[in-house]
Amino acid sequence: MSFQLTVLKVLAGQPAGRASVAEVRHAVEILMNSGKDWTDRMKRLAEHAPDLNIFSAKFVVRDADGWEITEEGRQFLAALQTAVAVRRSPLRPVDDPPTSEPAVRNALKLPDSPRGHRRNGPRRRRGKGRSNRRTA
């Protein structure tokens, strides 16, 4: 299934959703060998579509010039990606109502940077053998 999902992703990223078989094969080869992240991502998507057949479902049409993703294929891919994203989003407690304010507003205000505040008096350098701790 992850191979077929990879084909859907490749075609969705092509101009007009169309590519030759050679172009699809090349792009799929690159993605399948790109590392664990891609493989894991496709496995997560495949969990939501265990019996997927992109050709019999008419998500991809084939002709002499290559393969093309259909509008149904785009909609299916978008719905699948949304389902996986929602499933992976952190859950919010039920008694915690959603807020319309951005999270940035709820963050604590950090104190100003100490760069602008210089200590009064002469600056002392630490020499060899001196402790990094100040004494009272």
Side-chain angles (χ1 to χ4, degrees):
M1 292 317 124
S2 19
F3 169 76
Q4 291 190 24
L5 289 167
T6 300
V7 169
L8 274 180
K9 294 284 287 172
V10 165
L11 291 173
Q14 296 296 314
R18 181 168 197 69
S20 70
V21 174
E23 291 169 328
V24 171
R25 192 176 294 143
H26 180 69
V28 167
E29 182 181 348
I30 289 171
L31 290 170
M32 296 297 258
N33 292 311
S34 66
K36 190 172 175 3
D37 288 343
W38 181 262
T39 306
D40 290 348
R41 181 176 180 193
M42 291 300 103
K43 284 180 182 176
R44 282 192 303 272
L45 289 175
E47 288 175 2
H48 292 273
D51 299 324
L52 177 66
N53 184 323
I54 60 176
F55 301 109
S56 65
K58 297 194 172 92
F59 294 156
V60 174
V61 292
R62 299 178 274 192
D63 60 23
D65 296 328
W67 295 356
E68 183 176 351
I69 188 169
T70 62
E71 185 57 34
E72 293 82 12
R74 288 184 189 277
Q75 291 173 359
F76 170 77
L77 187 58
L80 185 62
Q81 290 174 321
T82 300
V84 170
V86 167
R87 181 174 163 216
R88 291 185 53 132
S89 66
L91 298 177
R92 173 178 55 78
V94 176
D95 59 344
D96 183 19
T99 62
S100 59
E101 296 181 24
V104 176
R105 289 185 187 172
N106 294 334
L108 294 174
K109 182 167 171 37
L110 298 175
D112 291 335
S113 170
R115 288 184 192 171
H117 305 287
R118 288 216 145 156
R119 197 168 45 98
N120 292 334
R123 189 172 189 178
R124 290 187 275 165
R125 295 181 184 240
R126 291 189 177 105
K128 271 188 172 180
R130 288 185 103 177
S131 168
N132 285 340
R133 301 174 95 200
R134 291 184 187 177
T135 57

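Predicted, not measured: the structure shown is a model, and the values here were computed from it.
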Point to revise | Trace of the side chain to side chain contact (heavy atoms under 4.5 Å, CB included) decision for Leu5 with Leu80 | key: CA-CA 10 Å; Leu5 289 167; Leu80 185 62; 3.5 Å; yes

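- For the side chain to side chain contact (heavy atoms under 4.5 Å, CB included) test, residues two or more places apart in sequence or in another chain that qualify with Ala19 are Leu11, Gln14, Glu23, Val24.
- With contacts defined as side-chain heavy-atom distances shorter than 4.5 Å, the pair Gln81/His48 does not qualify.
- A salt bridge (Lys or Arg N to Asp or Glu O under 4.0 Å) check over residues 65-78, counting only residues at least two apart or in different chains, returns the pairs Arg18-Glu68.
- A single hydrophobic cluster is seen to contain both Phe3 and Met42, as judged by linkage of ILVMFWY side chains at heavy-atom distances under 4.5 Å, directly or through other members.
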Listed pairs under 3.5 Å, donor-acceptor, residues 28-37 side chains, sequence neighbours left out:
| residue | atom | partner | partner atom | Å |
| --- | --- | --- | --- | --- |
| Asn33 | ND2 | Glu29 | O | 3.0 |
| Ser34 | OG | Leu31 | O | 2.7 |
| Lys36 | NZ | Asp40 | OD1 | 3.4 |
| Lys36 | NZ | Asp40 | OD2 | 3.0 |

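- Between Leu8 and Val60, the shortest heavy-atom contact is CD2-CG2, 3.7 Å.
- One finds the CD atom of Gln4 at 5.0 Å from the CG atom of Asn53 (value rounded to the nearest 0.5 Å).
- Note on ring orientation: taking the six-membered ring where Trp is involved, the planes of Phe59 and Phe76 are parallel (angle under 30°, cut-offs 30° and 60°).
- Remark: Leu45 CG to Leu77 CG distance equals 7.5 Å, nearest 0.5 Å.
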